[in-house]
> 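Dumping the structure here so I can ask a few things about it.
Just the heavy atoms: all of them, side chains too, but no hydrogens, waters or symmetry mates, feed the values below. Just so it is clear, the structure is predicted and the values come from calculations on it, not from any experiment. Chain identifiers are assigned alphabetically (A, B, ...) following the order of the sequence lines, protein sequences preceding nucleic acid strands; residue numbering begins at 1 within each chain.
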Amino acid sequence: DAGVIQSPRHEVTEMGQEVTLRCKPISGHNSLFWYRQTMMRGLELLIYFNNNVPIDDSGMPEDRFSAKMPNASFSTLKIQPSEPRDSAVYFCASSQQQGYEQYFGPGTRLTVT
Amino acid sequence: AQSVTQLGSHVSVSEGALVLLRCNYSSSVPPYLFWYVQYPNQGLQLLLKYTTGATLVKGINGFEAEFKKSETSFHLTKPSAHMSDAAEYFCAVTLATGGFKTIFGAGTRLFVKA
């Protein structure tokens, strides 16, 4: 299996621009998670889906952030408009079922200037 | 509320010495417990997990952890540290009830001195 695939691996954008991060979970996994990692705040859960349905989005920082999972093999995390404080590494992870071990992608390093 | 505490944000050991990374959780219900490792510029990867059964679990790279219900702990150990063990380690807890939400600890960065 190819594991969790994230794209792009690096993104540099200017403040105010829209950013879309993409994730392909492991085939057969029915839970998907989006995390943000920074030095200051550590690893934060933003949102997670089960069977393509958002279960908990309480970690989404504000309305500028949105996430979708249109089907079992694809999810997006969108930031619009982006701000410098959104600079971080964003991880997508998937698990076979809720509560089971999670498999993390390599992350997308976002820099907003 | 469920929480995970990792004692010590940084731990430094000499090569060949014992590694002990501490994790305590707060839960009245036996949870699922995990340790993950993160190497620089990579995502987290599973080291080991406890769900049910034997309370001493073995993972990859010579690591093991013991679930102690009475102490609500799941400490990670390795008898002899190797330079390649230098990384950040995260303890995580999932309650097996009510939504199966997983909570990660703040992480412990392990340094290994030659």
Side-chain angles (χ1 to χ4, degrees), chain A residues 1-10 21 23-26 29-51 53-60 88-111, chain B residues 1-10 23 25 27 29-53 57-60 63 65 67 74 76 87-109:
Chain A
D1 199 316
V4 175
I5 298 172
Q6 292 187 247
S7 64
R9 292 294 309 277
H10 302 272
L21 310 181
C23 175
K24 177 179 169 54
I26 293 173
H29 284 192
N30 64 14
S31 294
L32 182 139
F33 308 80
W34 282 102
Y35 293 89
R36 178 173 68 178
Q37 187 176 41
T38 61
M39 290 292 290
M40 290 295 295
R41 301 167 73 126
L43 188 69
E44 303 173 276
L45 175 66
L46 300 177
I47 184 171
Y48 78 93
F49 296 82
N50 193 53
N51 292 323
V53 175
I55 301 300
D56 185 344
D57 65 354
S58 60
M60 296 286 261
V89 180
Y90 290 82
F91 289 104
C92 175
S94 69
S95 68
Q96 194 170 16
Q97 292 188 36
Q98 278 184 280
Y100 283 31
E101 62 268 32
Q102 296 179 24
Y103 294 81
F104 283 72
T108 295
R109 183 174 295 277
L110 173 65
T111 303
Chain B
Q2 183 183 354
S3 68
V4 180
T5 302
Q6 291 185 238
L7 188 62
S9 59
H10 297 84
C23 175
Y25 63 91
S27 171
V29 177
Y32 297 165
L33 297 156
F34 309 87
W35 276 99
Y36 291 84
V37 61
Q38 185 180 28
Y39 298 104
N41 300 313
Q42 295 186 26
L44 282 69
Q45 56 183 279
L46 182 71
L47 261 183
L48 49 80
K49 65 180 179 183
Y50 169 81
T51 54
T52 60
V57 291
K58 296 185 184 300
I60 61 172
F63 284 93
F67 169 53
F74 191 57
L76 181 71
E88 186 148 23
Y89 293 80
F90 293 88
C91 180
V93 174
T94 299
L95 272 186
T97 57
F100 289 90
K101 186 172 180 177
T102 298
I103 304 295
F104 281 82
T108 297
R109 185 165 293 277

> Of the backbone (N, CA, C, O) and the side chain (C-beta and beyond), which part of B/L44 lies under 4.5 Å from a heavy atom of chain A, both, or neither?
both

> Looking at CZ of A/F104 and OH of B/Y36, how far apart are the two atoms once the value is rounded to the nearest 0.5 Å?
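Result: 6.0 Å between the selected atoms.
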
> Identify which part of B/Q42 has an atom lying under 4.5 Å from any heavy atom of chain A, answering side chain, backbone, both or neither.
backbone

> Under the salt bridge (charged side-chain N to carboxylate O under 4.0 Å, His left out) definition, can you give me all pairs with a residue in residues 91-111 of chain A, not counting sequence neighbours?
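For residues 91-111 of chain A: A/E101-B/K49.
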
> Near A/Y100 OH, under 6.0 Å, is it more than 12 heavy atoms from other residues, nucleotides or ligands?
no

> Against chain B, label A/Y103 side chain, backbone, both or neither, depending on which of its atoms sit under 4.5 Å from a heavy atom there.
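For A/Y103, no heavy atom lies under 4.5 Å from chain B.
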
> For A/Q102 and B/F34, what are the C-alpha separation, side-chain angles and deciding distance, and is it a side chain to side chain contact (heavy atoms under 4.5 Å, CB included)?
CA-CA 10 Å; A/Q102 296 179 24; B/F34 309 87; over 6 Å; no

> Just wondering, are more than 12 heavy atoms of other shown residues or ligands nearer than 6.0 Å to CD in A/Q97?
yes

> To check you understand the geometry: which heavy-atom pair defines the closest contact between B/F90 and A/L43, and what is its length?
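Minimum heavy-atom separation between B/F90 and A/L43: CE2-CB, 4.4 Å.
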
> For the residue pair A/F91 and B/Q38, what are the closest heavy atoms and their distance?
CZ-NE2, 3.4 Å

> Among all residues two or more places apart in sequence or in another chain, which pass the salt bridge (Lys or Arg N to Asp or Glu O under 4.0 Å) test with A/D57?
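Not a single residue meets the salt bridge (Lys or Arg N to Asp or Glu O under 4.0 Å) criterion with A/D57.
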
> Tell me, side chain or backbone of A/F33 under 4.5 Å from chain B's heavy atoms, or both, or neither?
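Contact with chain B: none, neither part.
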
